[in-house]
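Convention: sequence-line order gives letters A, B, ...; per-chain numbering from 1.
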Amino acid sequence: MTHTIAAQKLFLYNTLSRKKELFEPLNPPHVGMYVCGPTVYGDAHLGHARPAITFDLVYRYLTHLGYKVRYVRNITDVGHLENDADEGEDKIARKARLESLEPMEIVHYYTERYHHNVAQLNVLSPSIEPHASGHIIEQIAMVDKILKAGFAYEVNGSVYFDVEKYHRQHHYGILSGRKIEDLISNTRDLAGQSEKRSGLDFAIWKKAEPAHIMRWPSPWGDGFPGWHMECSAMGCKYLGTEFDIHGGGMDLLFPHHESEIAQSTVANGKAPVRYWMHNNMITLNGQKMGKSLGNAMSLDDFFAGNHPLLERAYGPMTIRFFILQAQYRSTLDFSNEALQAAEKGMKKLLVATETLKKLQPTPNVPDLGVSNIETACYEAMNDDFNSPVAIASLFEAVRVINSVNDGHAQINAAELSQLTALMQAFVFDIMGLLPEEAGSDHNLIDGLMQTIILLRQDARARKDYATSDLIRDRLKEAGIELKDGKEGTSWSQL
RNA sequence: GGUCUCGUGGCCGAGUGGUUAGGCAGCGGUCUGCAAAACCGUGUACAGCGGUUCGAAUCCGCUCGAGACCUCCA
């Protein structure tokens, strides 16, 4: 078999080194992967689909190669402040206040909606999905460790990480490439309002004001953990003090991931992550799509076509394919034209997988080059998950399938089974595309259609084209397309 | 202002020293009663200017343009 760990050398781009590196897990065949999940205070938008699908692809491909992946994707439900400089209101708490709900009602509601959306995108469920609010004890323990190590200080019930002290012994900026001198000079002056010794410092535990609902007792009084703490604490709990892959959006690179490294390094005595992976943003008219920018398009709106910029609705698989047609480290600009092109291309690919099932092998015919296509698919994926190049190769396979189906080429039995396995692996298992839902009443419709087709056949035999065209046109209006092929007429839903 | 990334044909999007990316759209052909689908063929693409090189979209420099991060964001 070609798709084994031993046979494939996987290179991935490590943000830490800014280079593509050979992937060598700490404890093969096990792989630990942590990905920053959503803060559940609002509906998931197109931007959330990017990391969900990107790391779903990583998860699926690693699994395909034979790795045993423990995939942890968290739910942020506490500590993520609205404005910050570590001064704003908690995002969840704010939403709860605005809607007069318990914070956990907000969390539950949006978590379920997130789950529903990513399931629509055929994103596999992670191995573990920890909530920040369920790991307060672990976070307190970590804050305590950092304090004891001397890299944090308590002020008035809050605990802050001392970035400058950390930087004297380690390297703050190792991930983002930032220079601490620049950071110091660029940090907003808080005009002495802050308890922090330096604007660079960040809260790892925050005192809860009396009105603050989301609060837990701690050695420093009632409060809540700082946002960066959760990933450090939960990553460590489920994947160990050092694990293989940490993923997330590029916008989390600084300060979130940089601070995670600092916290974990101090608490555990070593850098937590070997390979950092960051997906790029989805843009709208060239500008990043983001909640705070007010240009986010929710996934529900997308699937329903309810947005002024949408010419019509797009299915979840169209969005998945659209995202996979760009390499995850490139920005991807939204447009109706691009989405419609993606939709057509995907349909062509999926139809070919159906056509493939009907192909018959021919004895003693030369190879059509399926092995080359297979090799190209693996090489693309091994090159930092280059899904667009892999998809380009799959279209080569589509050409082969259709040529055989049209009788322009013949395929031998060995290649036919190789091709079948290849398409199953890459289209469905790795890319995670789903065939169009046939619907539970497909058999009923097919029965009706066969009758209609028979009647139309009769009309055509009599050269009564007015009738045959009327049938075809009316069906098209109803969403069913007829195609007259050599071996009779077939139908498909538009 | 600082740090960084990017600018590829009508649209999207790979490639990163010499060799076809691919999809969508367009054009021509085959097939078809006509279509659709499919197949075959078809595009003086690499922001501009200069440099390195036998050779640059690919390396270097400058110019212009766009974006990201530096504050919450996937």
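Ring to ring, A:His257 and A:His278 are close: their centroids are under 6.0 angstrom apart.
The nearest whole Å value for the distance from the CG atom in A:Asp182 to the P atom in B:rU71 is 12 Å. The CG-P distance, from A:Leu175 to B:rC70, rounds to 13 Å in whole Å. Look at CG on A:Leu253: it is 11 Å from C1' on B:rA68, rounded to the nearest Å. One can place CG of A:Asp201 at 16 Å from C1' of B:rU71, the figure rounded to the nearest angstrom. Between the CG atom of A:Leu183 and the P atom of B:rU3 there is a distance of 12 Å, rounded to whole Å. The NE2-C1' distance, from A:His228 to B:rC73, rounds to 13 Å in whole Å. With rounding to whole Å, A:Arg178 atom CZ is found 12 Å from B:rU71 atom C1'. When the P atom of B:rA25 is taken as reference, atom CD of A:Glu337 falls 11 Å away, rounded to whole Å.
Distance noted for atom P between B:rG9 and B:rG2: 31 Å (whole Å). The gap from the C1' atom of B:rC6 to that of B:rU16 amounts to 14 Å, rounded to the nearest Å. Using atom C1' as the reference point in both B:rC24 and B:rU32, the two lie 24 Å apart (nearest Å). Taking atom P on both B:rG33 and B:rG22, the two are 33 Å apart, rounded to the nearest angstrom. Between B:rG15 and B:rG7, the two C1' atoms lie 15 Å apart (nearest whole Å). When the P atom is compared between B:rU8 and B:rA14, the two are found 11 Å apart, to the nearest whole Å. Comparing the same atom, C1', in B:rC27 and in B:rG18 gives a spacing of 31 Å after rounding to whole Å. Taking the P atoms as reference points, B:rG51 lies 43 Å from B:rU71, given to the whole Å.
Residue pairs that meet the salt bridge (charged side-chain N to carboxylate O under 4.0 Å, His left out) test with at least one member in residues 32-55 of chain A, sequence neighbours left out, are A:Asp43-A:Arg113.
By the 4.5 Å heavy-atom criterion applied to side chains, A:Arg460 and A:Thr489 are counted as neighbours.
Applying the ring-ring contact (aromatic ring centres under 6.0 Å, His included) rule to A:Tyr314 yields the partners A:Phe302; only residues at least two apart in sequence or on another chain are considered. With sequence neighbours excluded, the residues satisfying ring-ring contact (aromatic ring centres under 6.0 Å, His included) with A:Phe426 are A:Tyr378. Not counting sequence neighbours, the partners of A:Asn117 by the side chain to side chain donor-acceptor pair (under 3.5 Å) test are A:Gln120, A:Asp300. Take A:Tyr59 and apply the side chain to side chain donor-acceptor pair (under 3.5 Å) test, not counting sequence neighbours, and it matches no residue. Every side chain to side chain donor-acceptor pair (under 3.5 Å) that A:Ser259 has, sequence neighbours left out, goes to A:Tyr172. Qualifying salt bridge (charged side-chain N to carboxylate O under 4.0 Å, His left out) partners for A:Lys483, counting only residues two or more places apart in sequence or in other chains: none. Scored by the side chain to side chain donor-acceptor pair (under 3.5 Å) test, A:Thr111 finds no partners at all (sequence neighbours excluded). Scanning for salt bridge (charged side-chain N to carboxylate O under 4.0 Å, His left out) contacts around A:Arg474 gives an empty result, with sequence neighbours left out.
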*Using a 4.0 Å cut-off on protein heavy atoms (strictly under), produce a 5'-to-3' string for nucleotides 33-41 of chain B with B for base contact, S for backbone-only sugar-phosphate contact, and - for none.*
BBBB-BSS-
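Position along RNA chain B of the nearest nucleotide to A:Gly345 versus A:Gly37 favours A:Gly345 as the more 5'-ward residue. Nearest-nucleotide positions on RNA chain B place A:Pro255 closer to the 5' end than the other of A:Met281 and A:Pro255.
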Enumerate all atom pairs, one protein N or O and one N or O from nucleotides 12-18 of chain B, separated by less than 3.5 Å.
unit_1: B:rG13; atom_1: OP1; unit_2: A:Asp333; atom_2: N; d: 3.4
unit_1: B:rA14; atom_1: OP1; unit_2: A:Gln327; atom_2: N; d: 2.7
unit_1: B:rA14; atom_1: OP1; unit_2: A:Ser330; atom_2: OG; d: 3.1
unit_1: B:rA14; atom_1: O3'; unit_2: A:Asn386; atom_2: ND2; d: 3.2
unit_1: B:rG15; atom_1: OP1; unit_2: A:Asn386; atom_2: ND2; d: 3.0

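In this model, the phosphate group of B:rC69 is approached by a side-chain N or O of A:Lys288 to a distance below 4.0 Å at OP1 or OP2.
Set against B:rC72, B:rA74, B:rC70, the side chain of A:Asn279 has B:rA74 as its closest nucleotide.
Within the 4.0 angstrom heavy-atom criterion, only backbone atoms of the sugar-phosphate kind lie near A:Leu252; the bases stay farther away. Heavy atoms of A:Ile282 sit under 4.0 angstrom from at least one base atom.
The pair A:Arg472-A:Asp469 meets the salt-bridge criterion, since a charged nitrogen lies less than 4.0 angstrom from a carboxylate oxygen.
Here A:Ile471 contributes atom CD1 and A:Ile453 contributes atom CD1; the two are 10.0 Å apart, rounded to the nearest 0.5 Å.
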*Given the rule that a pair is Watson-Crick or G-U wobble with both distances under 3.5 Å, how would you write RNA chain B in dot-bracket, using | for pairs to a different strand?*
(((((((..(((.....[...))).(((((.......)))))....(((((..]....))))))))))))....
